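Here is the structure we will look at, set down as structure tokens.
Keep in mind the model is a prediction, meaning the values are calculated, not measured. The analysis underlying the following values was restricted to heavy atoms, covering all of them including side chains, and did not include hydrogens, waters or symmetry mates. We name chains A, B, ... by the order of the sequence lines, and we start the count at 1 in each one.
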Number of protein chains: 2
Amino acid sequence: MRLSKRGEYGLRAMISLAEAQKNSPTGMTQIREIAQKEQIPAKFLEQILLALKNAGLVHSKMGIGGGYYLAKPADEITLGQVFRVLDGPVAPIRCVSQMAYEPCGCPDEATCGLRMVMGDVRNAIVGILDNTSLANLTRRQSEVRKSLGLTN
Amino acid sequence: MRLSKRGEYGLRAMISLAEAQKNSPTGMTQIREIAQKEQIPAKFLEQILLALKNAGLVHSKMGIGGGYYLAKPADEITLGQVFRVLDGPVAPIRCVSQMAYEPCGCPDEATCGLRMVMGDVRNAIVGILDNTSLANLTRRQSEVRKSLGLTN
DNA sequence: ATAAATCCTATAATATTAATATACTTTTCA
DNA sequence: TGAAAAGTATATTAATATTATAGGATTTAT
């Protein structure tokens, strides 16, 4: 049940872009900045952002003064969307995946206990990831910072 | 967020042993039987059951007439226990793991949004896996079979 | 004693992950 | 107009994890 580095880096980068969006109109940020701030290998992050761009979650601008920015307001991008682009289906086992269903080997899916529980697990995860937007998350971060008396 | 084959096979085998426990006092079953019934490579299953045995979840008897059986009643073994033996920590990221905590690279864990959500995900998964016993599962299977009018 | 079963370790084959490398294209601004 | 800044795109490598197979050692009932 693990989030890959690819997924982790991508989510951190998206959160970072969401924070940037609060401060400037588009929130355009360069790979290098994010890589440095989040301690991510720049070349690896490059691939990740490219994938997110091809999935339509971020836009980019080339050349001097360019960079990446969210394709939509932060409250319209969910963690589930980002996760799926980078780490694939959320379901712990294919036979309960909505996105990428495949039969498993069990004699009868309808009566398979393992499938029932894994379906519950899938629903629980999806319920969180698809109902948490980047905006929800940055707000939550701010609240905790505030409650801890931090200034930034 | 994936269940490995190892984990899948192990869980299926444990469910199978739980069913067997309903029919005979110990429910002793041979690797070969389970492998055949569940379509699992026998030699792979052997390793898996050995791991479960070393973790104290099943007992075994060597020699003719031997086999495996649950170390405890099916309602005292949770899916979470089995999962952790075979697939390791449940947490999607180490920094929210109770079993195997490790710091991630973020500047401040207390205010890290990613960590907060992944903590929620972890709790949701743990809530299911640690509160579902093998007995819960076999009962649920039976109920569905009954409601479908199946005899076995 | 022997056949049937688990025990135990090694290793092969494959797949995935993480990262790096290289070359190219587009844009901007001096 | 051309050099530098930035993203685009793909290939390659290195490390690790997964899945599975092989083969002998040990135990036990008959």
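For the OP1/OP2 pair of D:dG7 and a distance below 4.0 Å, the side-chain nitrogens and oxygens of A:Y69 include no atom meeting the criterion. Taking side-chain N and O atoms only, A:R2 has no distance below 4.0 Å to OP1 or OP2 of D:dT16. Taking side-chain N and O atoms only, B:Y9 has no distance below 4.0 Å to OP1 or OP2 of D:dT19. Phosphate proximity of D:dA6 to A:S60: absent, as no side-chain N or O sits under 4.0 Å from OP1 or OP2. Close to D:dA17, at under 4.0 Å from its OP1 or OP2, lies no side-chain N or O of B:S4.
The hydrophobic clustering, which links ILVMFWY residues whose side-chain heavy atoms are closer than 4.5 Å, places B:Y68 and B:M28 apart. Under a hydrophobic clustering in which Ile, Leu, Val, Met, Phe, Trp and Tyr are joined whenever their side-chain heavy atoms come within less than 4.5 Å, directly or via other members, A:L86 and A:V126 fall into the same cluster. Cluster membership for B:F44 and A:L114, using ILVMFWY side-chain heavy atoms within less than 4.5 angstrom, is shared.
Expressed to the nearest 0.5 Å, how far CG of B:L57 lies from CD of B:Q81 amounts to 5.5 Å.
The shortest non-hydrogen separation linking B:G113 to A:Q141 is N-OE1, 2.7 Å. When all heavy atoms of B:C104 and B:E109 are compared, the closest pair comes out as N-OE2, 3.7 Å. In terms of heavy atoms, A:D87 sits closest to A:G7 at OD1-N, 3.6 Å.
Checking C:dA19, D:dT19, D:dA20 against the side-chain heavy atoms of B:R6 singles out D:dT19 as nearest.
When the P atom of C:dA5 is taken as reference, atom OH of B:Y68 falls 13 Å away, rounded to whole Å. The separation between A:L86 atom CG and C:dT17 atom C1' is 13 Å, rounded to whole Å. Atom pair B:R32:CZ and C:dC7:C1' shows a separation of 16 Å (rounding to whole Å applied). In this structure, CG of B:D87 is placed 10 Å from C1' of D:dT18, rounded to the nearest angstrom. A straight line from CG of B:L49 to C1' of C:dC8 spans 14 Å, rounded to a whole angstrom. Across the protein-nucleic acid pair, B:M28 atom CE and C:dA5 atom P stand 11 Å apart, rounded to whole Å. For the pair A:N54 CG and D:dG7 P, the computed distance is 14 Å after rounding to whole Å. One atom, CD of A:E33, and another, P of D:dA5, lie 15 Å apart when rounded to the nearest Å.
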_Protein within reach of the bases, or only the backbone? For nucleotides 25-30 of chain D, mark each nucleotide 5' to 3' as B, S or -, using heavy atoms under 4.0 Å._
-BBBB-
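Residue-level contact check: B:I31 touches the backbone only, with heavy atoms under 4.0 Å from sugar-phosphate atoms and none from bases.
Using a 4.0 Å cut-off between a side-chain N of Lys or Arg and a carboxylate O of Asp or Glu, A:R12 and A:E8 qualify as a salt bridge. A:K146 and A:E143 are not joined by a salt bridge, as no carboxylate oxygen comes within less than 4.0 angstrom of a charged side-chain nitrogen. In summary, A:D130 and A:R84 engage in a salt bridge, as defined by a charged side-chain N under 4.0 Å from a carboxylate O.
Of the residues in residues 40-48 of chain A, those lying under 4.0 Å from DNA chain C by heavy-atom distance are A:P41, A:K43, A:F44, A:Q47.
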